[in-house]
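See below for the structure under consideration.
All values below were derived from every heavy atom in this structure, side-chain atoms included, with hydrogens, water molecules and symmetry-related copies excluded.
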Amino acid sequence: MSVTVAKSAGFCFGVNRAVELVEQAAARGGTVVTLGPIIHNHHAVAHFEAMGVHVIDTPEEAPEGSTVVIRSHGVGREVYRRLEKRNVTIVDATCPFVKRIHNIVAQAEEEGRLPVIIGTRSHPEVEGIAGWCSRCVILESPEELKNWVKNERISPELPICMVSQTTSTESLWKKCLQIGKKEFTNLKKFDTICRATEYRQSEAATLSSACQAMVVVGDIHSSNTGRLAMICREHCDRVIAVDNAEELSPESFCNVTVVGITAGASTPAWIIKEVNKTMGEIVNNVEAGQEETFAELLEQGIKTLNTGDKVTGIVTGINNTEVQVDLGAKHAGYIPYNEVSADPSVKPEDILHVGDEIEVFVVRVNDQEGTVQLSRKKLEGMKVWDDMAALCESKENVEAPITEENKGGLVANYKGIRVFIPASQSGIAKGGDMAGMVGKTVKMKITEVNRARRRVIGSIRAASSEERKANQEKIWSEMAVGNKYHGTVKSLTSYGAFVDIGGVDGMVHVSQLSWNRIKTPADVVKVGDEIDVHVIAFDPEKHKISLGYRTDETNPWTLFLNEYHVGDVVDAKVVKLMTFGAFAEIVPGVDGLIHISQLADHRVNKPEDVVSEGQIVRVKITDIDTEGKRISLSIRAAMDDAE
């Protein structure tokens with residue numbers, strides 16, 4: 001029996017964040033409570049109870065001076081107001097993806113739109129979303145949507161804003177959206193299903209299709225877990241829903257050889273580990289109980305071996321030319337030295353020992369001599385190709401070094417297999433430096449495996465695209481004004497520079513590149529530069545981010561104030577002549593005025609009579625207007641000081 005655990009099983013980003021916030025609040029001490037169970041899992045709630053964190057049902061139950069954690073499902077606007085009256089510290093653990101929906105429905109109501117929420121009415125998340133607008137419609141299915149339009153005689157011109165519960169299924173949302181587009185001419189739609197949830201459900205569907213039994217782990221009250229079980233039942237006849245490992249029974253897995261395990265977003269990792277461990281014990285017990293009959297053992301003893309078979313044997317001896325293997329049959333097996341490993345530097349005695357159980361490939365059967373020539377190297381090669389096919393099916397990322405560049409693209413070596421990466425899938429722009437990739441280890445996906453032609457195709461672009469998408473979701477979920485990022489300049493325009501901050505592009509306007517007046521962005525940065533930027537503003541709907549590059553620390557005025565004071569005598573460069581005097585630059589970006597009466601120790605008719613642009617003059621700082629950012633300078637006063 002084989003057991004596979006879904007990669008996405010367990011806490012999602014929002015739940016993990018909520019749990020961490022509770023633990024941090026508890027560590028700070030004082031009275032800590034959660035408004036409702038922090039997540040839909042009674043084991044996690046019991047864990048926090050043991051830490052002294054209790055659950056309350058209403059804001060009025062919160063003790064004065066306590067810390068109240070709002071759970072990941074979120075709450076309505078009125079709940080915040082009621083909590084504020086209790087003189088408590090609020091820790092908002094609302095999932096950022098749910099918080100986004102709150103903002104959407106609130107904005108929709110301001111625009112005169114009717115929010116339509118697709119989700120389960122009784123779910124805390126949906127109740128919280130509804131609490132951010134004075135009027136909304138909650139619908140649980142496409143049929144309800146149709147009936148609402150028909151029975152209420154809803155006008156097609158009614159401005160509608162449609163959102164979805166984050167844990168709803170993609171198919172349900174698409175069906176409702178299709179109806180909405182057909183029924184309403186003034187519809188605004190927002191795809192608010194959490195991509196982590198979508199991926200979890202998609203993986204559950206794929207895994208359950210390939211398994212004879214599925215174990216779904218999670219609290220029975222969790223909507224997320226319930227949907228996973230429903231999806232698994234669509235693809236697998238035997239679905240076992242359990243709260244923890246104790247509910248597993250060996251009888252549930254009779255005549256089952258392939259089992260999958262998935263878990264809801266609110267299931268702690270330790271419960272999943274216990275379930276997986278218990279499944280391993282069930283597997284061992286089942287295998288130990290499968291005793292072979294005497295007839296079966298006899299058949300094994302006299303069975304005929306054929307070329308191409310994969311068999312298991314015991315190493316009985318190692319000499320200078322071959323490894324002897326007992327196959328438990330009438331033929332004596334042997335592996336020539338050159339068939340032990342694909343690596344010619346490996347010595348058989350270093351990797352094989354008498355008594356080892358090994359799997360081998362039957363190369364040739366000699367019935368006359370009663371011997372069988374075996375190969376471990378060929379089986380290793382076959383397993384590698386099996387692995388390649390599995391990687392192609394699972395779309396899992398692998399790492400491999402680039403060994404060469406050719407006319408059509410790049411070549412990587414993965415476990416001794418040559419993987420061709422077409423130029424279009426290399427991730428390098430047309431005309432870019434392909435040769436520079438040779439020797440580097442890259443992440444890629446196996447996209448095609450042709451065992452007959454011994455051809456494997458890979459894609460760096462597909463792997464980087466997936467990684468970029470994951471980074472984008474993480475960055476957008478944490479996006480806030482003031483966030484700092486280390487990014488790379490991707491392109492320049494006349495009005496600014498576009499910077500990649502790890503999967504998401506933002507723009508630094510030319511006015512935010514420098515405190516000094518510049519003609520073009522190229523005066524400050526160039527494509528490929530790595531720079532530190534900060535978020536000035538962002539629009540999650542339009543996926544636009546405004547970034548700043550200049551900082552207060554680099555503000556020339558700040559630098560001037562930190563270094564210079566009234567009474568200082570400094571060298572300044574005359575940069576502009578006016579009828580009333582001359583402007584001189586003290587530091588780059590900061591100019592001071594030398595009034596005509598302060599240009600010399602005698603009467604001056606025109607500034608150009610005593611100074612010229614570009615001239616370095618000795619001046620005294622006589623006044624600094626910090627509010628107006630004006631500086632008064634005097635050559636005359638500097639001359640007096642010199643005397």
Side-chain angles (χ1 to χ4, degrees), residues 1-5 257 276-277 280 283-284 287-288 292 297 300-301 303-367 369-394 396-404 411-419 439-444 446 449 451-452 454-456 458:
M1 184 189 296
S2 65
V3 180
T4 303
V5 180
T257 57
N276 192 24
K277 180 183 176 183
V283 169
N284 292 336
E287 290 178 350
E292 295 164 306
L297 293 171
Q300 284 184 11
K303 67 182 179 182
T304 302
L305 298 173
N306 300 303
T307 300
D309 285 350
K310 297 177 188 176
V311 294
T312 301
I314 304 295
V315 176
T316 57
I318 302 174
N319 57 36
N320 294 330
T321 59
E322 65 186 29
V323 176
Q324 296 157 4
V325 181
D326 179 6
L327 300 174
K330 60 183 180 181
H331 293 82
Y334 69 95
I335 310 172
Y337 257 35
N338 62 353
E339 290 296 325
V340 170
S341 174
D343 186 348
S345 64
V346 170
K347 295 180 179 179
E349 58 268 26
D350 291 338
I351 59 173
L352 295 178
H353 306 88
V354 173
D356 285 353
E357 182 178 87
I358 60 172
E359 192 175 12
V360 288
F361 178 82
V362 176
V363 177
R364 186 182 302 109
V365 179
N366 190 326
D367 288 322
E369 296 182 4
T371 60
V372 180
Q373 182 180 333
L374 307 170
S375 173
R376 187 172 173 273
K377 180 172 73 174
K378 281 186 172 59
L379 191 59
E380 281 183 346
M382 292 170 65
K383 284 185 175 180
V384 170
W385 280 95
D386 289 341
D387 291 344
M388 299 302 279
L391 288 171
C392 184
E393 182 70 24
S394 67
E396 181 183 343
N397 286 349
V398 298
E399 291 188 357
I402 301 297
T403 56
E404 63 178 279
V411 175
N413 184 296
Y414 181 72
K415 293 186 176 180
I417 299 291
R418 186 178 186 272
V419 182
K440 293 183 178 180
T441 297
V442 299
K443 283 185 180 180
M444 64 179 178
I446 304 301
V449 176
R451 197 184 300 234
R454 301 186 70 78
R455 183 181 70 178
V456 179

Partners passing salt bridge (Lys or Arg N to Asp or Glu O under 4.0 Å) against Glu349 (at least two apart in sequence or in another chain):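 If we apply the salt bridge (Lys or Arg N to Asp or Glu O under 4.0 Å) test to Glu349, skipping adjacent residues, there are no hits.
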Lys277: salt bridge (Lys or Arg N to Asp or Glu O under 4.0 Å) partners, not counting sequence neighbours: none
Taking side-chain contact (heavy atoms from CB on, under 4.5 Å) as the definition, give me every residue that meets it alongside [X], ordered by chain and number, with sequence neighbours left out.
X      : result
Asn413 : Thr403
Asn338 : Pro336
Thr4   : Leu207

Closest non-hydrogen atom pair between Arg376 and Ile335, with its separation: N-CG2, 4.1 Å
Minimal non-hydrogen separation, Ile402 against Ala412, with atom names: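 Result for this residue pair: CD1-CB, 4.0 Å.
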Could you grab the distance from atom [atom1] of [X] to atom [atom2] of [Y], nearest 0.5 Å is fine?
X      : Y      : atom1 : atom2 : answer
Glu393 : Ile446 : CD    : CD1   : 13.5 Å
Arg454 : Met388 : CZ    : CE    : 11.0 Å
Asn320 : Glu322 : CG    : CD    : 10.5 Å

Quick one, [X] and [Y] - any side-chain contact, counting heavy atoms below 4.5 Å?
X      : Y      : value
Lys347 : Val340 : no
Val398 : Met444 : yes
Tyr334 : Thr316 : no
Val456 : Tyr414 : no

Determine all donor-acceptor pairs shorter than 3.5 Å in which one atom belongs to a side chain in residues 350-365; sequence neighbours excluded.
residue, atom, partner, partner atom, Å
Asp356, OD2, His353, N, 2.8
Glu359, OE1, Lys383, NZ, 3.2
Arg364, NH1, Gln373, OE1, 2.5

For side-chain contact (heavy atoms from CB on, under 4.5 Å), just list the numbers for Asn319 and Gln324, CA-CA rounded to whole Å, side-chain angles, deciding distance to a tenth of an Å, and then say yes or no. CA-CA 8 Å; Asn319 57 36; Gln324 296 157 4; 3.4 Å; yes
Test side-chain contact (heavy atoms from CB on, under 4.5 Å) on Leu327 and Leu374 and set out the steps. CA-CA 10 Å; Leu327 300 174; Leu374 307 170; 4.0 Å; yes
